[in-house]
Structures are given as C-alpha cells and as structure tokens.
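Scope of the values below: all heavy atoms of this structure, side chains included, with no hydrogens, waters or symmetry mates.
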Amino acid sequence: MPLIVAGDLNAAKGVNDPAVTALSEVVHREDECGAGRTMRWPLRLDVFFLQRLDFMFSTLDDFSLMRTCETMKHTMGSDHAPVSMTLRY
C-alpha cells in the first residue's frame, strides 16, 4: 500500500536536519516539491536563517504512481507555504 508522509517538521537545518535525515532513511523524500524556504516570516530575526521546514516523503515510486508536487506561493494566512501533491493513477 502506498504511503505519503507530510508535515511541518520544524527542520531548522533543512534537508540536513536530524528529523529529515531519519525519515529519508526509511521513506523517499519528495525533492520535487521544492527546496526553498517554507517559513514566511522574514521580518523575525529568530527565524530569518531557517531553511525549509516542511517536507513530503512517500513510497509512490515503489508503486509506479505518477505525481506532481510543489510548494505553493500563496500562504493562505499561514506562516508556512503549503506543500501540495497531486496523484495521477
């Protein structure tokens, strides 16, 4: 059965964060979703240097499922940019 794991990991070190590397060891990280920052509070100094905080992982390759993935520009009022995946079957 296909598995998708997504969330706000508060990964302060981006792809090098321990939470991201731990998940990447067991489930494929969906790098197609983007690599840029997902935190959208540039005026706060305590978060200015944060990298990507939000990630998606999946086993979709194991099932040959096609998908597109993106980090959306419109935050809809959130302090994070949404990460969206569309599956094609």
Whether the side chain of Ser78 engages the backbone of Thr75 through a donor-acceptor N/O pair (distance < 3.5 Å, no angle test) should be reported.
no
Side chain Arg37, main chain Arg52, donor-acceptor under 3.5 Å:
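Checking the backbone N and O of Arg52 against the side chain of Arg37, no donor-acceptor pair under 3.5 Å is found.
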If you define the side chain from C-beta out and look only at heavy atoms, does anything of [X] sit under 4.5 Å from [Y]?
X     : Y     : value
Ile4  : Met85 : yes
His80 : Asp8  : yes
Leu9  : Leu23 : yes

Considering all heavy atoms, the nearest Leu60-Pro2 contact
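Looks like CD2-CB, 3.8 Å.
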Over all atoms of both residues, closest heavy-atom pair of Ala11 and Val20:
CB-CG2, 3.6 Å
Arg29-Ser58 side chain donor-acceptor pair, cut-off 3.5 Å:
no
Please determine, by modelled atom types, if Glu70 and Ser84 share a side-chain donor-acceptor pair under 3.5 angstrom.
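No pair is found: no donor N or O on one side chain lies under 3.5 Å from an acceptor on the other.
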State the [atom1]-[atom2] distance between [X] and [Y], to the nearest 0.5 angstrom.
X     : Y     : atom1 : atom2 : value
Arg88 : Met66 : CZ    : CE    : 6.0 Å
Leu53 : Thr38 : CG    : OG1   : 4.5 Å
Cys69 : Leu87 : SG    : CG    : 9.5 Å
Thr71 : Met56 : OG1   : CE    : 9.0 Å
Thr68 : Glu30 : OG1   : CD    : 10.5 Å

Run the salt-bridge test on Asp61 and Arg67 with the 4.0 Å N-O cut-off and return the result as yes or no.
yes
Enclosure of Met76 CE (heavy-atom neighbours >12, cutoff 6.0 Å)
yes
Among Val15, Val83, Val5, find the one that has a side chain to side chain contact (heavy atoms under 4.5 Å, CB included) with Phe55.
Val15
